[in-house]
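The structure under discussion appears below in the form of structure tokens.
Keep in mind it's a predicted model, so treat the numbers as computed, not measured. For this chain, numbers begin at 1 and follow the sequence in order. When reading the values below, keep in mind they use all heavy atoms of this one structure, side chains included, and skip hydrogens, waters and symmetry mates.
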Amino acid sequence: MNYFVVGTNDMDASVAFYDALFEHAGLTRLQPNDRMTYWLKDDFAFAAALPFDGEAATNGNGTMVGFSLGSAAEVTRLHEKAIGLGGTCEGEPAQRGPRFSAYVRDLDRNKLCFSD
């Protein structure tokens with residue numbers, strides 16, 4: 001994967017949410033304009049964007065962004081942090097098949113998966 005972009009209707013709130021969520025991930029934030037904010041690391045880029053067409057951002061039904069975190073403890077920590085930042089739970093941390101994972105929605109209802 002080269003990059004993933006989620007839509008937002010409130011860039012300031014989105015930046016605050018993802019800055020806090022990613023604070024220990026070693027990502028660099030880049031905000032090239034008022035419409036997009038990127039968090040970058042090596043060959044990975046994640047972005048929040050105000051839609052180019054000027055319409056409201058909506059979350060896609062069945063669309064999900066997955067983050068591989070390396071451990072069950074980090075999955076649990078980031079899930080709790082996302083909830084504390086105002087996200088909503090879509091699945092408590094648990095073993096699911098071969099992966100330990102948890103699911104949340106961000107402030108714009110974009111679905112995120114954290115897995116070991």
Side-chain angles (χ1 to χ4, degrees):
M1 178 178 73
N2 185 17
Y3 64 88
F4 200 96
V5 179
V6 294
T8 185
N9 292 303
D10 185 338
M11 185 58 74
D12 292 337
S14 188
V15 167
F17 179 88
Y18 284 108
D19 273 352
L21 192 66
F22 296 148
E23 71 182 338
H24 298 296
L27 300 171
T28 301
R29 179 168 41 99
L30 173 66
Q31 197 161 10
N33 57 50
D34 292 342
R35 199 180 72 71
M36 294 202 70
T37 302
Y38 292 90
W39 290 266
L40 309 165
K41 184 176 183 180
D42 302 327
D43 293 339
F44 172 77
F46 176 82
L50 297 169
F52 183 74
D53 65 5
E55 297 295 321
T58 60
N59 58 326
N61 185 25
T63 302
M64 182 170 31
V65 182
F67 294 93
S68 182
L69 303 176
S71 72
E74 189 62 6
V75 168
T76 300
R77 186 190 75 76
L78 219 55
H79 181 266
E80 290 172 359
K81 179 156 194 141
I83 301 304
L85 292 167
T88 56
C89 180
E90 285 285 315
E92 294 288 335
Q95 191 70 37
R96 292 174 173 85
R99 306 294 300 264
F100 186 86
S101 58
Y103 301 87
V104 298
R105 290 198 183 263
D106 71 7
L107 304 178
D108 290 288
R109 307 263 319 130
N110 296 298
K111 192 171 184 179
L112 310 175
C113 175
F114 305 132
S115 67
D116 63 357

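- The distance from the CG atom of L69 to the NE2 atom of H24 is 13.0 Å, given to the nearest 0.5 Å.
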Run the numbers on L50 and T8 for side-chain contact (heavy atoms from CB on, under 4.5 Å), then give the verdict. CA-CA 5 Å; L50 297 169; T8 185; 4.0 Å; yes

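- Between V104 and T88 there is no side-chain heavy-atom pair separated by less than 4.5 Å.
- Legend: residues meeting salt bridge (charged side-chain N to carboxylate O under 4.0 Å, His left out) with R29, ordered by chain and number and at least two apart, are D19.
- Taken to the nearest 0.5 Å, the CG atom of L30 stands 10.0 Å off from the CE atom of M36.
- Annotation for W39 and A48: closest pair CZ3-N, 3.9 Å, computed over non-hydrogen atoms.
- Considering all non-hydrogen atoms of both residues, V75 and S101 come closest at CG1-C, 3.9 Å.
- Every residue meeting the side-chain contact (heavy atoms from CB on, under 4.5 Å) condition with A73, not counting sequence neighbours, appears here in chain and number order: S71.
- Distance CG/L112 to CG/L21: 7.0 Å, rounded to 0.5 Å.
- Residues Y18 and V6 meet the side-chain proximity criterion, which asks for heavy atoms closer than 4.5 Å.
- Residue pairs meeting the salt bridge (Lys or Arg N to Asp or Glu O under 4.0 Å) criterion with at least one partner in residues 33-42, sequence neighbours excluded, do not occur; the list is empty.
- Partners of F114 by ring pair (Phe, Tyr, Trp, His ring centres under 6.0 Å), not counting sequence neighbours: none found.
- F17 pairs by the ring pair (Phe, Tyr, Trp, His ring centres under 6.0 Å) definition with nothing, not counting sequence neighbours.
- The salt bridge (charged side-chain N to carboxylate O under 4.0 Å, His left out) search around D108 returns none, not counting sequence neighbours.
- Put simply, the side chain of N9 never gets that close to the backbone of A56: no donor and acceptor are under 3.5 Å apart.
- Connectivity analysis of hydrophobic side chains (ILVMFWY, heavy atoms under 4.5 Å, direct or indirect) links Y103 to M64.
- Contact record, A72 with D116: N-CB, 3.9 Å, taken as the closest heavy-atom pair.
- Taking E90 as the reference, R105 meet the side chain to side chain donor-acceptor pair (under 3.5 Å) condition, with sequence neighbours excluded.
- Under the rule for a salt bridge (charged side-chain N to carboxylate O under 4.0 Å, His left out), the partners of E23 that lie at least two apart in sequence or sit in another chain are K81.
- Here the CG-CG distance, from D106 to L85, works out to 10.5 Å after rounding to the nearest 0.5 Å.
- L27 CG to F44 CZ: the interatomic distance, rounded to the nearest 0.5 Å, is 6.5 Å.
- The stretch residues 65-78 participates, sequence neighbours left out, in these salt bridge (Lys or Arg N to Asp or Glu O under 4.0 Å) pairs: E74-R77.
- N59 is linked by a side chain to side chain donor-acceptor pair (under 3.5 Å) to nothing, counting only residues two or more places apart in sequence or in another chain.
- At distances below 3.5 Å, not a single donor-acceptor pair connects side-chain atoms of S14 with backbone N or O atoms of D10.
- With rounding to the nearest 0.5 angstrom, the CZ atom of R99 is 8.0 Å from the SG atom of C113.
- The list of ring-ring contact (aromatic ring centres under 6.0 Å, His included) pairs with a residue in residues 59-90, not counting sequence neighbours, reads F22-F67, F46-F67.
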